[in-house]
Amino acid sequence: MSSDLRRYHITTFGCQMNKADSERMAGVLENMGFQWSDTPDDANLILYNTCTIRDNAEQKVYSYLGRQAKRKHAEPDLTLVVAGCVAQQEGDALLRRVPEVDLVMGPQHANRLQDLLDQVATGQQIVATEPIHIVEDITKPRRDSTVTAWVNVIYGCNERCTYCVVPNVRGVEQSRTPEAIRNEMVQLGEQGFKEVTLLGQNIDAYGRDLPGATSEGRHQNTLTDLLYFVHDVPGIERIRFATSHPRYFTERLIRACYELPKVCEHFHIPFQSGDNDVLKAMSRGYTQEKYRRIIDKIRNLMPDASISADAIVGFPGETEAQFENTLKLVEEIEFDQLNTAAYSPRPGTPAALWENQLSEEVKADRLQRLNHLVGLKAGMRSQRYANRIEEVLVEDQNPKDPTQVMGRTQGNRLTFFPGKIEELRGQIVSVKVTEVRSFSLTGEPLSALATTAS
Ligand code: SAM
Ligand code: SF4
């Protein structure tokens, strides 16, 4: 690769974990002397950080890649990298399908990007998908925000949900040490970040692979312990965590969220289905009753907590009555937000091979009915914000109205209000809510509060 004009462009598909990985890989590239290019066609290194959770996400990657592969015929110095979950799933097969690709690298290899590109520079085509122990990254990520940051806490997943490709592509659980996590947060606090979201596929499974047990026989470093351990990091005023699995969600964790003022009362706990037989077929390891008990316990201590989740409709064999159990759960729990998806058969997962697949029409119809109910319920739940004073951490300008800024409440509601971003970015502002919508709010600022750690 020539040393002049090193410009890169990253396109990220999928979840927050991928976004966090992209920020780390961008940091590695900038450390190597690359500069960000807004337009992919002006970049001489293109990286797709891919997602394979549903088929449509995967197909999108191939259509983007096809265009750059053509470009490479005219510009042989162009470096094409496919990272993330499609890379892991396809491995060598991806090179056979798109021979113009220089580097195929699974998510566990994100921190090795520089080494891998050095090998590419010697003229090799590289496939890095073997399982490895994820090494601590010493390069600073290039973070998209200067206010909020993601911090990886646990990589991989040890579950075996019958629909899900994640364990195949992200490997087994690997927890970072509490010290490494705290150090990263201390640096973020020093750099002026105000909010950290701790990330993991199943964040509440954190620490099961770390050594040490307490006298009561539980793991020494659970997510609960981690929250207490990082809570006093100077400068960091809000701590969130995602995604929680109902199987590992404990009363101790609920109590910690209640007791620790910086931990936001915002819980993302996917339930996937409201029907016990479907949950069993999915191998989720809990019942809808257990799920409801978790939400009850959260709301008993924190009645105003924001609750969000993921759900799948049209799982193989799901009957109309079973789907209605999902509607019933949504009706009764009244989520603040719900990510919904039609079941998509994924290669290498058990459910993809079952014969009781539902038609696309049935799945689309159920998805539409569920989404309608979610909007309705979120709208009702949003009403509790009407005329209330909320503390909003300002992140950016409203892209649709430059006279407004936008940020999030403690409960993660997107909120817009009049103000100048140059003055307010990173500030926590008291806002009187004047307009309530299903998933966002508008208000009037009352005052800029002190932003020192409480
Ligand atoms: N580990 C988290 C959990 O178990 O709740 C979820 C992580 S997964 C990357 C994100 C979401 O993708 C899941 O909660 C599920 O709703 C959805 N998902 C996974 N596989 C899917 C599939 N085959 N079809 C449709 N949605 C799927
Ligand atoms: Fe996928 Fe299940 Fe693991 Fe979540 S817990 S990432 S849905 S296998």
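Just so you know, ligand 1 is whichever comes first in the structure, and atom 1 is the first atom listed for that ligand. Keep in mind it's a predicted model, so treat the numbers as computed, not measured.
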Could you pull out every protein residue that has a heavy atom closer than 4.0 Å to ligand 1, ordered by chain and then number?
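Contacts of ligand 1 under 4.0 Å: I53, R54, Y163, V166, Q201, N202, T243, H245, P270, Q272, R284, D310, I312, A341, A342, Y343, S344, R346.
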Plane angle bin for Y291 and F335 - parallel if under 30°, tilted between 30 and 60°, otherwise perpendicular:
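If you compare the ring of F335 with that of Y291, the planes turn out tilted.
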Specify whether F13 and Y48 have parallel, tilted or perpendicular ring planes, treating 30° as the upper limit for parallel and 60° as the lower limit for perpendicular.
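It falls in the tilted class, 30° to 60°.
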How long is the straight-line distance from [atom2] of [Y] back to [atom1] of [X], given to the nearest 0.5 Å?
| X | Y | atom1 | atom2 | result |
| --- | --- | --- | --- | --- |
| E391 | T409 | CD | OG1 | 10.0 Å |
| M302 | C257 | CE | SG | 5.5 Å |
| M105 | L117 | CE | CG | 7.5 Å |
| N371 | R366 | CG | CZ | 14.0 Å |
| C161 | F315 | SG | CZ | 9.0 Å |

Under 4.0 Å, heavy atoms only, figure out whether ligand 2 is touched by the backbone of N202, its side chain, both or neither.
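Just the side chain.
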For K60, what residues pass the side-chain hydrogen bond (donor to acceptor under 3.5 Å, both in side chains) criterion, not counting sequence neighbours?
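Not a single residue meets the side-chain hydrogen bond (donor to acceptor under 3.5 Å, both in side chains) criterion with K60.
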Check for me whether R284 has a heavy atom closer than 4.0 Å to any atom of ligand 2.
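Contact check R284 vs ligand 2: positive.
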Would you say the ring centers of Y228 and H231 fall short of 6.0 Å from each other?
no
Please confirm whether R346 makes a cation-pi placement over Y163, using NZ or CZ under 6.0 Å from the six-membered ring centre and within 45° of the ring normal.
no
Sorted by first residue and then second, give each salt bridge (charged side-chain N to carboxylate O under 4.0 Å, His left out) pair with at least one member in residues 373-383; sequence neighbours left out.
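Of all non-adjacent pairs touching residues 373-383, those that pass salt bridge (charged side-chain N to carboxylate O under 4.0 Å, His left out) are E331-K377, E334-K377, D336-R381.
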Atoms named by residue and atom, protein N, O or S, within reach of atom 1 (Fe) of ligand 2 (under 2.8 Å):
C164 SG
Quick note on ligand 2: atoms under 4.0 Å from a heavy atom of H245 include exactly 5 (S)
